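Letters A, B, ... mirror the listed sequences (proteins, then strands); counts begin at 1. Keep in mind the model is a prediction, meaning the values are calculated, not measured.
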Amino acid sequence: MNPDNPLPQLTEEAEPTAGIAATPVWLFLLLLVLTYWGMYYLDKHGGGFQTLVYEPYSDLKYVQSLQPKSEEGELLARGKRNFELYCQICHQASGLGTPGQFPPLAGSEWVNAPGPNRIIHIVLNGLQEPIEVHGQQFNAAMVPWKDIMLKDEDVAAVLTYIRQNKDWGNNASAVKPEQVKPIREKLKDRSAPMTPTELKTIPDSE
Amino acid sequence: MSATPFQSQSSPIDETGMPAASSLEIDASCRVPVLFLIGKAVGWLVLSSVFSLMASLKFHSPNLLADCAWLTYGRVQPAQASMLIYGFAMPAGVGVALWLICRLGRAPLLQAGFITVCAVVWNLGVAIGVLGILAGDSTGFEWLEMPRYASPILFLAYALIGVWALITFQQRRERRLYVSQWFLLAALFWFPWVYSTANLLLVFAPVRGTLQAGVNWWYANNLNTIWLGFVGLAAIFYFIPKLTNRPLHSYSQAVFAFWLLALFGGWGGIPAGAPLPAWMPSLSTVLGALILVPMLAVAINCHLTLAGHYSKLKTSLPLPFILFGLVAFILAGVLGVAGSLHIVSEVTRFTWFTTAQKQLGLYGFFAMTMFGAIYYIVPRLFQSEWPSARLVNLHFWCAALGTIFYVVPLSVGGIVEGLALNHGNAQFMEVLKSTLMFLRVSTLGDLLILIGNGSLLVNITLLFYRCYRAWCLPAIVSLTKTEIMEVPS
């Protein structure tokens, strides 16, 4: 006893010790099961760890399919694909063509005409005989595409792409499939390529 | 093992060459800093209950004190939370931790005077922070509302106390570790890390956009699950064997729980539907759910320790608090995991459910566990029993019922509210009004909690006064050499 302590003494138990019982195995198994569930849950709700996927969506493709699409962007992308596929070998990716052989599309007065009528004819039926582009003379032949690009949308897309290609300095109006359709109809039975003289008779404002 | 008079209990084992310190010696070294920390904490606790009641009343009586800008809901609520967390929970936790570190290490506390000064500084920081919030300077981040002129004070005070706690731990004379020390040591390091990181990224050099919300959730979850969780569990693992006089069932199972909590506990907290890429809340949910395993391990461990000795609940004053805390810990964890699941969260997010779950963890688990510890430690530091065992029982029942009256209606109300809100053509005001009944009951819970906390304050004040009369008064009297007064024996 502490003689100085005027207050009643407290009793106290010994400091705690711990037994050596092992951790039950089923706790580890439970951890495994929960981990398995966790993977499933992550797979279902984790959005594939894509930073663009937010609640309540869970997969990037679906989210992208919901994005509002601009028709123009769509058309340009399709046009670019077609250009790379069909036109690039002659007119070059730069749109500058090859001097003396293939005329440039960049800055071309034919391409940048107020309306696309004349170049729709060129692409559908091809072109031959001397032509002046940008003050330079060309005299070779361009193949027709109407049997390759069967869809009016494809023709409209590639022409929109060359007319609106900002990298080339072009900035003309877009081309619509409806503008291609009547011309394709008109040229249905003609197999001869167009000539520049002939084209000049078609108004270039439309 | 049988109860021994507490000053004769010193173990002979010791590898440092220093004899293990007696309980009496240890308690003497802890007396001033720990009593100061706990005493101030209880003061803040009661103040926070008053503010909590005020905030709760404002839901059904919106005009109450509405003319005073300092006492509007937007300030009272965060002030209340800050007082509860930084005024009560943390200092009480630090006080209990210091005492546990000394007792388990069989070594006296080092630099008790310096630690007391740090505790004064901490309390000053809390006062400045709370006044700042009431004045309208809140940062607006949950649990980090204290303005930038208060948070560095808290950080500094905590860090300095932490250093001496670590050195005391290092100088321990019983080299074998008990499980509580694992938890305490981790908690000591955890707070400065998360507190400084969160304050830097949110207040001093804010990150951009919704990432702020992510940092905020990360911090709140770490403070809640790790810091409060670890300190609370350290106390539970200490007091359950101690109060029942039985060894803890399994050391390895406790350490198993420790590592799982430390590895996975800090990742949870980002709710499904957070404005962050979906993988973040989902990962948070999954890792948060894994802590069900350590929780189960803790529950089993404690149950097997107590098995056959639950009757001790009737005779021990602190044990009911500790056990209530343990049960609330498990329940809050289960509610937290459930609430983070996709299906549940679709209903419960943005409702009272979250509030209820937080209260269950903060008050039901942590505060109750600390009360248990306080009811055990404080009389030993004062070397005198509690003046009124009745008040202790009153505290228990008020706090237990108050927690239930607070948590049950708010979680049910939250689910009702969430289901109603998810209806396409729900009328927002109508839905809000339908939760009023639940809010009223929760106010009753708040009131009960206030009464409970008040009885702790009364008891501790009486104890202080009794000891003042028994120890200090004679000393003062003999010092001033006035006539001998009658001293109660």
Next on the checklist: Shorter than 4.5 Å, heavy atoms on both sides: which option in B:Tyr251, B:Phe239, B:Tyr238 has the most such pairs with chain A?
Outcome noted: B:Tyr238
Checklist outcome for this item: Per-residue tally against chain A (heavy atom, under 4.5 Å) across B:Leu260, B:Thr244, B:Leu248 peaks at B:Leu248
Checklist entry - A:Trp145 and A:Asp154: side-chain donor and acceptor closer than 3.5 Å? => result no
Checklist outcome for this item: When the 4.5 angstrom heavy-atom criterion is applied to A:Thr35 and chain B, the contacting part is both
Checklist entry - Does the side chain of A:Glu15 come under 3.5 Å of the side chain of B:Tyr178 through a donor N or O and an acceptor N or O? => result no
Next on the checklist: Can you confirm whether the side chains of A:His121 and A:Glu198 place a donor and an acceptor under 3.5 Å from each other?
Outcome noted: no
Checklist entry - For A:Ile20, is it the side chain, the backbone, both or neither that has a heavy atom under 4.5 Å from a heavy atom of chain B? => result backbone
Next on the checklist: Tell me whether A:Leu66 at atom CG has more than 12 heavy atoms from other residues, nucleotides or ligands lying less than 6.0 Å away.
Outcome noted: yes
Checklist entry - Are any of the side-chain heavy atoms of A:Trp168 and A:Ile162 separated by less than 4.5 Å? => result yes
Checklist entry - Parallel under 30°, tilted from 30 to 60°, perpendicular over 60°: which one fits the rings of B:Trp259 and B:Trp182? => result perpendicular
Checklist outcome for this item: Among residues 275-282 of chain B, those lying within the under-4.5 Å heavy-atom range of chain A are B:Pro275, B:Leu276, B:Pro277, B:Ala278, B:Trp279, B:Ser282
Next on the checklist: For A:Glu84, is there an ion pair with A:Lys80 - N to carboxylate O distance below 4.0 angstrom?
Outcome noted: yes
Next on the checklist: Quick one, B:Arg103 and B:Asp27 - any side-chain contact, counting heavy atoms below 4.5 Å?
Outcome noted: yes
